[in-house]
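Step one of this worksheet: look at the structure below.
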Amino acid sequence: MNWSSILSSSIGKKIVMAVTGLFLISFLLVHMGVNACIFKDLFDPTDNGDMFNRAADYMGKTALIRIMEVVLFAGFFVHIIQGLILEWENRNKRKKGYAVNLGNKGSKWYSRSMGLLGTILLLFLILHWWHFWIPSRFTHAGLENPILLSNNRVSHDMFKLMTVTFSEWWVVVVYVLACISLAYHLLHGFQSAFRTLGLSNTRYIKLINALGVAYSVIVPLVFALMPISMKMGWVGF
Amino acid sequence: MEHKNINLTLKVWKQKNGQSQGRFETYLVNDISTEMSFLEMFDVLNERLIKEGKEPIAFDHDCREGICGMCSMYINGRPHGPWEGTTTCQLHMRAFKDGETIVVEPWRANAFPVLKDLMVDRSSFDRIIQAGGFISVNTGNAVDANAMPVEKDKADASFAAAACIGCGACVAACKNSSAMLFLSAKVTHLALLPQGSPERKTRALNMIAQMDKEGFGACTNTGACEAVCPKEISITNIARLNQEYLYAGLTADK
Ligand code: SF4
Ligand code: FES
């Protein structure tokens, strides 16, 4: 049994999914933390996204974060490719299906739909990159006028780009739907990752289940509130 | 429990052999006692079919008391029928209403090819057991039963896992056709006991390798297996199997 045969076995593939999944979960927390800076505007109307832009500027200039960005892309890539392969392979293990299906009698619909939810998230991700990541790194579309931050650094106005992007209804709707998909994806994925990594003590399973539910509700909700509050004008200029 | 006789419509999967295309056949069965087991109902139907000169329905069974795991039937969309923690042979006709239509299918999974009608070939399970579901024992006199101390909780958990009868309902219910609940029961049974420790690492690695080779899918922790298992094997065992596999994968010599 060498490394590759262990990692390519059925459990090995799941371990890869679990490790990359947990890494992406930890990334989401950072992403949410940085973006939640836009909510400073709720308490201080003169902020106009300064706190968020400073945070984004910091992320852009810090070497460690830029290195992690590469790791993050690798994580996304492996998680997506492995997930699609797993879904495809597993579907092919039953060439002839049932006339009457077990359906929801044994498992939750979202547990059985991780491939579908993941595909929705992948499509969203492409849109999301096109909205924010590609302009901020490459094209600078919508970011033509740099601003002076309160810490005297000159930076892109990512906050402005957000308000412009989220001024359109369809964008807000798509982002909220993506957050709902994310919530269900996490609801299964969070606890499943720990089980795959071998967590079997009843005590910890209970803790992880509770943490998983809390994470799957709170994180997507905070994300969903960003486009909503910008569209509603709660956060903006 | 009130006793009565009921009439039913059965839609049963008929398939001549592994190569042929199967289809559903409809049978009307009348005057079925609610005290009968599901298999007895099939016996009544088969006797009638034989008398009529028709081909009886082939199905697997042996002990008819819930211990051999042969009676694989996928009844109304659920392996072993509507009752929890029950094998098909222990399912009684009082689980059904008069006039009900019951759909009976064989287990569906590439690793369990249909042999005839409701019978599937489950020898892939035997090969998985041969790959690692054993322990080394010294020949000679039997060892004194109390010579090896075992913690009570572990003995209980091991015993609960040993209750698996290898029926394959977990595979039949799983959207991935994964045999992980079965494997996890076998691995847990041995891993929790000192007798299982000599082959601890090779067991997990070899049994999983065999499972993959047989064409079962990868577990995605949906929980359908646990919900239908007639022996109520816990899905926690799958986490333990993952743990055993990870440990063996990280520390095995070669
Ligand atoms: S784990 Fe349960 S469902 Fe699976 S083979 Fe064993 S007894 Fe049958
Ligand atoms: S016939 Fe033996 S378990 Fe049903």
Side-chain angles (χ1 to χ4, degrees), chain A residues 1-19 82-83 85-115 188-202 204-205 208, chain B residues 11 13 22 24 74-79 82 103 105 108-111 114 171-178 180 188 201-202 204-206 208-209 211-212 215-228 235-250 252-254:
Chain A
M1 286 281 160
N2 50 32
W3 287 110
S4 78
S5 61
I6 285 174
L7 286 178
S8 63
S9 73
S10 55
I11 297 188
K13 284 184 192 137
K14 284 292 301 168
I15 291 173
V16 171
M17 288 308 281
V19 170
Q82 182 78 283
I85 293 176
L86 258 177
E87 178 74 16
W88 171 254
E89 286 180 350
N90 280 341
R91 276 177 190 235
N92 279 322
K93 301 296 185 204
R94 179 173 290 135
K95 292 247 159 63
K96 173 119 189 73
Y98 292 107
V100 187
N101 279 302
L102 184 62
N104 291 332
K105 276 178 274 177
S107 54
K108 299 272 187 284
W109 71 268
Y110 53 83
S111 295
R112 298 194 308 276
S113 312
M114 290 300 275
H188 176 79
F190 192 100
Q191 49 88 25
S192 180
F194 284 95
R195 285 174 193 276
T196 299
L197 293 177
L199 197 79
S200 64
N201 321 31
T202 325
Y204 285 114
I205 290 268
I208 290 299
Chain B
K11 281 181 78 180
W13 185 258
F24 281 103
Y74 192 88
I75 304 161
N76 279 348
R78 194 177 187 279
V103 182
E105 301 172 73
R108 298 285 189 200
N110 300 354
V114 173
V171 177
C174 175
K175 83 166 180 67
N176 309 315
S177 309
S178 178
M180 283 287 275
T188 297
K201 291 182 194 173
T202 48
L205 295 175
N206 292 346
I208 287 293
M211 175 183 102
D212 294 350
F216 293 98
C219 170
T220 59
N221 297 320
T222 69
C225 52
E226 179 186 54
V228 303
I235 197 173
T236 309
N237 291 318
I238 294 185
R240 191 180 289 103
L241 168 58
N242 291 334
Q243 196 179 85
E244 290 284 318
Y245 188 84
L246 199 56
Y247 170 69
L250 288 174
D253 289 335
K254 21 180 196 98

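Proteins come first, then strands; the chains are lettered A, B, ... in the order of their sequence lines, and each starts at number 1. From a predicted model like this one, the values you see are computed outputs, not experimental measurements.
- You'll find the side chain of B:T222 stays beyond 4.5 Å of the side chain of A:M114, heavy atoms only.
- For a residue to count as touching a neighbouring chain, one of its non-hydrogen atoms must lie under 4.5 Å from one of that chain's; by this rule A:K13 does not touch chain B.
- With contacts defined as side-chain heavy-atom distances shorter than 4.5 Å, the pair B:I208/A:S10 qualifies.
- Residues B:S177 and A:R94 bring a donor and an acceptor atom of their side chains to less than 3.5 Å of each other.
- If you measure heavy-atom distances from A:L86 to chain B, the contacts under 4.5 Å come from the side chain alone.
- Proximity to chain B involves both the backbone and the side chain of A:R112, based on heavy atoms less than 4.5 angstrom apart.
- With values rounded to the nearest 0.5 angstrom, A:K95 atom NZ is found 14.0 Å from B:R108 atom CZ.
- A:L199 contributes atom CG, which lies 10.5 Å from atom CG of B:N242 (distance to the nearest 0.5 angstrom).
- Looking at A:E89 and B:N176, their side chains never come closer than 4.5 Å, going by heavy atoms from C-beta outward.
- Rounded to the nearest 0.5 Å, atoms CG (B:N221) and CD (A:Q191) are 6.5 Å apart.
- The shortest side-chain heavy-atom distance between B:E105 and A:V100 falls under the 4.5 Å cut-off.
- B:I235 places a side-chain heavy atom less than 4.5 Å from the side chain of A:R195.
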